[in-house]
Amino acid sequence: MPELPEVEVTRRRIAPLLVGRRISSVRTTRDSYFFLTKPASLKRNLVGRDIVDLGRRGKYLLAQLDDGKRLMMHLGMTGQLFSQDARSVRLLSASRRSSLSPAEQLRFEADEHTHLSLGFEDRGPRVFFRDVRKFGKVRLLRRGQSDPRLDKLGVDALEASGQQLFRLTRKRKIAIKNVLLEQSVIAGIGNIYADEGLFLAGIRPTRRASSLTRRSCEKLVESIQEVLLRSIESGGASISDFVAPDGRDGGYQDQRRVYARGGEPCPRCDAPIRRLVIGQRAAYFCPRCQG
DNA sequence: ATCTGTCCCTGGACGC
DNA sequence: TGCGTCCAGGGACAGA
């Protein structure tokens, strides 16, 4: 479940394998809704281009090309962007692993989930974009062209202020947790960091958004940023599929306080962590600490 | 403008 | 061992 920290860790570690290299070959799976730009068009437009920069907005990655075009990528739920040299069991399903020898498991071969594969003129390692559930997206933007998905994004979570959150929640009657998940309000927060941030701020996820005071909004944004930064430092959260571009697991899954810890004792007060479904999504919180 | 429900997808966990 | 069922969830979209 790549959220801002996982996308940022991906950006930092894949950038050295993209920026400054010239694309010489593009392989894809067959067309599907994963491709906002058709595979044939991707190939046509990418081959021969240099990548000059790799940026991030919310959970989107944007690779800047030397001709002014941009490659927009979203990792969805299970997207993995990584080097051909990466080694990780997370790059192979359990059933696939079971039919391979230990030596074979160490060599990743592009499989049916590897929707985009870039080769480079320098003949160094290829870069793969793999996504089992295909909730990810890739699109080529022409020079100066934007995408409605980017246009709708709110302020990046690392740059948000409590003041902004306060203003944007005044008319919102739904649970604060659901507002945090809206990328049009603050971009980059997903289920894990919404729960973790709310825990750190001592705010119950079901709390009606408009009932938060200015002070609570400030505390909440500070808490979310603290959690996001700590996760980036630890390499992101490898709870199910996330793996860094070099094949390393993140470390934040072990630091998490409440997310996916239903029934376990609260790290602050020992009360059992509760699990609720809010807006069709699981939410974890401490019923005692989060008043 | 805001909110709710549904859908896309696949692998893994779990129960029988 | 194998099969069926449920769950995970980011985001687009339709309809209230």
Side-chain angles (χ1 to χ4, degrees), chain A residues 1-8 10 29-37 56-61 72-81 88-100 111-116 129-139 146-154 156-157 167-197 205-211 228 236-243 253 256 258-263 275-284:
Chain A
M1 38 205 88
E3 306 179 25
L4 188 151
E6 291 76 32
V7 178
E8 178 61 17
T10 297
T29 49
R30 65 184 176 84
D31 194 23
S32 69
Y33 66 85
F34 175 89
F35 294 101
L36 299 174
T37 298
R56 179 189 62 77
R57 285 196 57 197
K59 300 176 195 172
Y60 288 88
L61 287 172
M72 178 182 96
M73 292 172 282
H74 193 292
L75 300 179
M77 275 291 300
T78 51
Q80 300 163 320
L81 190 64
S88 168
V89 294
R90 294 184 199 272
L91 300 172
L92 296 163
S93 69
S95 57
R96 177 66 63 98
R97 276 202 304 278
S98 65
S99 65
L100 295 176
D111 59 3
E112 72 271 27
H113 304 303
T114 308
H115 303 299
L116 185 65
F129 185 173
R130 183 173 183 268
D131 183 5
V132 169
R133 274 175 232 178
K134 270 192 257 181
F135 287 178
K137 294 276 175 287
V138 58
R139 178 180 179 187
S146 192
D147 181 285
R149 297 163 184 80
L150 297 177
D151 296 338
K152 274 187 291 198
L153 291 181
D156 193 86
R167 184 167 47 78
L168 290 164
T169 48
R170 291 310 82 199
K171 292 177 180 165
R172 306 301 304 271
K173 301 181 195 312
I174 57 173
I176 181 61
K177 158 110 194 240
N178 289 345
V179 175
L180 292 179
L181 294 177
E182 285 181 24
Q183 304 303 299
S184 56
V185 177
I186 295 180
I189 304 169
N191 217 24
I192 301 173
Y193 301 102
D195 280 1
E196 295 295 306
T206 49
R207 176 90 172 267
R208 182 193 276 241
S210 59
S211 78
L228 294 174
S238 289
I239 291 179
S240 54
D241 304 276
F242 176 71
V243 61
Q253 64 280 5
R256 116 197 106 80
V258 290
Y259 178 79
R261 289 202 190 280
R275 179 187 186 273
L276 273 186
V277 174
I278 307 175
Q280 287 85 245
R281 221 123 271 174
Y284 300 89

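Quantities reported herein were computed from a predicted structural model and do not represent experimental measurements. Reminder, nothing fancy here: chain letters follow the sequence lines and each chain counts from 1. Side-chain atoms are counted along with the backbone in the values below, which use heavy atoms only and exclude waters and symmetry mates.
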Engineer: Do the charged groups of A:Glu112 and A:Arg130 touch, with an N to O distance under 4.0 Å?
Structural biologist: no
Engineer: Touch check for A:Phe34, heavy atoms < 4.0 angstrom, all strands: base, sugar-phosphate only, or nothing?
Structural biologist: nothing
Engineer: May I have the distance from A:Met77 (atom CE) to B:dG11 (atom C1'), rounded to whole angstrom?
Structural biologist: 11 Å
Engineer: How close do A:Leu36 and A:Met72 get, heavy atom to heavy atom, and via which atoms?
Structural biologist: CD1-CE, 4.0 Å
Engineer: Using whole Å, report how far CZ of A:Arg133 lies from C1' of B:dC9.
Structural biologist: 8 Å
Engineer: Is the A:His115 ring parallel, tilted or perpendicular to the A:Phe34 ring (thresholds 30°, 60°)?
Structural biologist: tilted
Engineer: In this structure, how many angstroms lie between the P atom of B:dT4 and the NZ atom of A:Lys177, rounded?
Structural biologist: 15 Å
Engineer: Atom NZ of A:Lys137 and atom P of B:dC7: how far apart are they, to the nearest Å?
Structural biologist: 17 Å
Engineer: Compute the bend angle of the helix from B:dT2-C:dA16 to B:dC16-C:dG2 from the end axes (five pairs per end), rounded to 10°.
Structural biologist: 40°
Engineer: Scan A:Phe242 against the nucleic acid and name what it touches under 4.0 Å (heavy atoms): base, sugar-phosphate only, or nothing.
Structural biologist: nothing
Engineer: Below 4.0 angstrom, N of the basic side chain to O of the carboxylate: do A:Asp195 and A:Arg256 qualify?
Structural biologist: no
Engineer: Is the shortest side-chain heavy-atom distance between A:Asp156 and A:Leu4 below 4.5 Å?
Structural biologist: yes
Engineer: Below the 4.0 Å mark, does B:dC9 have OP1 or OP2 next to a side-chain nitrogen or oxygen of A:His113?
Structural biologist: no
Engineer: Could you tell me whether the side chain of A:Val185 reaches within less than 4.5 Å of the side chain of A:Leu180, counting heavy atoms only?
Structural biologist: no
Engineer: Return whichever of A:Phe135 or A:Ile174 has its heavy-atom-nearest nucleotide of DNA chain B closer to the 5' end.
Structural biologist: A:Ile174
Engineer: In terms of the nearest nucleotide of DNA chain B, which residue is placed more toward the 5' end: A:Arg281 or A:Val179?
Structural biologist: A:Val179
Engineer: When we call it a touch if two heavy atoms are under 4.0 Å apart, what does A:Gln183 touch: a base, just sugar-phosphate, or nothing?
Structural biologist: sugar-phosphate
Engineer: Taking only the side-chain heavy atoms of A:Arg172 (C-beta and beyond), determine which of B:dC3, B:dT2, B:dT10 contains the nearest atom.
Structural biologist: B:dC3
Engineer: So what does A:Lys59 touch, heavy atoms closer than 4.0 Å: a base, only the sugar-phosphate, or nothing?
Structural biologist: sugar-phosphate
Engineer: Is the shortest heavy-atom distance from the side chain of A:Lys177 to the side chain of A:Leu181 under 4.5 Å?
Structural biologist: yes
Engineer: In whole angstroms, how far is the P atom of B:dC8 from the CG atom of A:Asp131?
Structural biologist: 16 Å
Engineer: Within the structure provided, determine whether A:His113 and A:Asp131 are in side-chain contact (heavy-atom separation under 4.5 Å).
Structural biologist: no
Engineer: Check every nucleotide of DNA chain C for an atom under 4.0 Å from a heavy-atom of chain A, then give the first and the last such nucleotide from 5' to 3'.
Structural biologist: C:dA8 to C:dA12
Engineer: For A:Tyr33 and B:dC8, do the ring centres fall under 5.5 Å apart while the planes stay under 30° apart?
Structural biologist: no
Engineer: Determine whether A:Arg172 and A:Glu182 make a side-chain contact, defined as any pair of heavy atoms from C-beta on separated by less than 4.5 Å.
Structural biologist: yes
Engineer: What is the distance, rounded to the nearest whole Å, between atom CD of A:Gln280 and atom C1' of B:dC3?
Structural biologist: 10 Å
Engineer: Do A:Leu75 and A:Phe129 make a side-chain contact, defined as non-hydrogen atoms from C-beta onward lying under 4.5 Å apart?
Structural biologist: yes
Engineer: Figure out the CG/P separation between A:Leu36 and B:dC8, and round it to whole Å.
Structural biologist: 17 Å
Engineer: In whole angstroms, how far is the C1' atom of B:dT2 from the CD1 atom of A:Ile176?
Structural biologist: 15 Å
